Amino acid sequence: MALVEGACRFGLWWVHVSWSGSVIHHVRFATSGSEGTVPDALRRYLRGRETDLSVFSTPATDDDAPYAAIYRVVRAVPYGSTATYGEIARAAGTHPRVVGMAMKRNPVPLIIPCHRIVAAGGIGGFSYGIALKEALLAMERKK
DNA sequence: CAGTGTTCAGGAT
DNA sequence: ATCCTGAACACTG
């Protein structure tokens, strides 16, 4: 199946996606972009009309590298709720700092909801800025 | 080897 | 109850 790219607006940001069928290869945020095709469910999600992104898959969870195990656990945290780096680490059999690294290098944010992972004592970090992380969490809470 | 989107216990305020 | 420290953790480039 052919690789397709497109973008969709989310508040102040643009979400750029490259995918092939139901397999999402890459997702990134940017401050610019232009309206294009993105998978339907993802577009609905970004408008707050869809809570289930499990129809998608991504190569990032496939191999047996340590990160893949972490990504699988993270995918299981439900819409609208959060987990801590420590909880994820225990479930994946690794250390919280590694979870941090895995989140930072997450190739498919949203599909792997790294924004739902917060620090034990606060909000934690986010590659694209805390503001975006909070916006995503706020949107999910509202539904 | 240094550096990480961390955590926890311990001690001081 | 809240605010520092400091050390350890597993993995990556």
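Residue numbers begin at 1 in each chain, while the letters A, B, ... track the order of the sequences. The shown structure was predicted, so the numbers you read here are calculated from the model rather than taken from an experiment.
When both distances must be under 3.5 Å, the Watson-Crick or G-U wobble mate of C:dC9 does not exist.
Taking atom CZ of residue A:Arg90 and atom P of nucleotide C:dA10, one finds them 14 Å apart after rounding to whole Å. C:dA10 atom C1' lies 16 Å from atom NZ of A:Lys104, rounded to whole Å. If you measure from atom CE of A:Met103 to atom P of B:dT7, you get 12 Å, rounded to the nearest angstrom. For the pair A:Ile112 CD1 and B:dG5 C1', the interatomic distance rounds to 15 Å; values are reported in whole Å. For the pair A:Glu134 CD and B:dG5 C1', the computed distance is 14 Å after rounding to whole Å. When the P atom of C:dT12 is taken as reference, atom CG of A:Asp63 falls 10 Å away, rounded to whole Å. Atom-to-atom, CG of A:Leu137 to P of B:dG5 comes out at 18 Å; the value is rounded to the nearest Å. For A:Ile123 and B:dT6, the CD1 to P distance is 12 Å, given to the nearest whole Å.
Between A:Glu35 and A:Arg43 a salt bridge is recorded (basic side-chain N to carboxylate O distance below 4.0 Å).
As judged by a 4.0 angstrom heavy-atom cut-off over every strand, A:Ile130 is placed among residues making no nucleic acid contact. Contact annotation for A:Gly124: no contact, since no heavy-atom pair falls under 4.0 Å across all strands. Counting non-hydrogen atoms under 4.0 angstrom, A:Thr94 reaches the backbone sugars and phosphates but no base.
Within a 6.0 Å radius of CG in A:Asp63, more than 12 heavy atoms belonging to other residues, nucleotides or ligands are found.
Residue A:Arg97 is the one, among A:Arg97 and A:Tyr67, whose nearest nucleotide of DNA chain C lies closer to the 5' end (criterion: closest heavy atom). Residues A:Pro66 and A:His95 both approach DNA chain C. Their nearest nucleotides, taken by heavy-atom distance, put A:His95 toward the 5′ side.
Closest approach to the A:Pro96 side chain among C:dC11, B:dG5, B:dT6 is made by B:dT6 (side chain taken as heavy atoms from C-beta onward).
Side-chain polar atoms of A:Glu140 and A:Tyr45 form a donor-acceptor pair below 3.5 angstrom.
Residue A:Ile111 holds its CD1 atom at 6.5 Å from CZ of A:Arg75, rounded to the nearest 0.5 Å. Going from atom OH of A:Tyr85 over to atom OG1 of A:Thr94 covers 14.0 Å, rounded to the nearest 0.5 Å.
OP1 or OP2 of C:dG13 lies within a sub-4.0 Å distance of a side-chain N or O belonging to A:Arg105.
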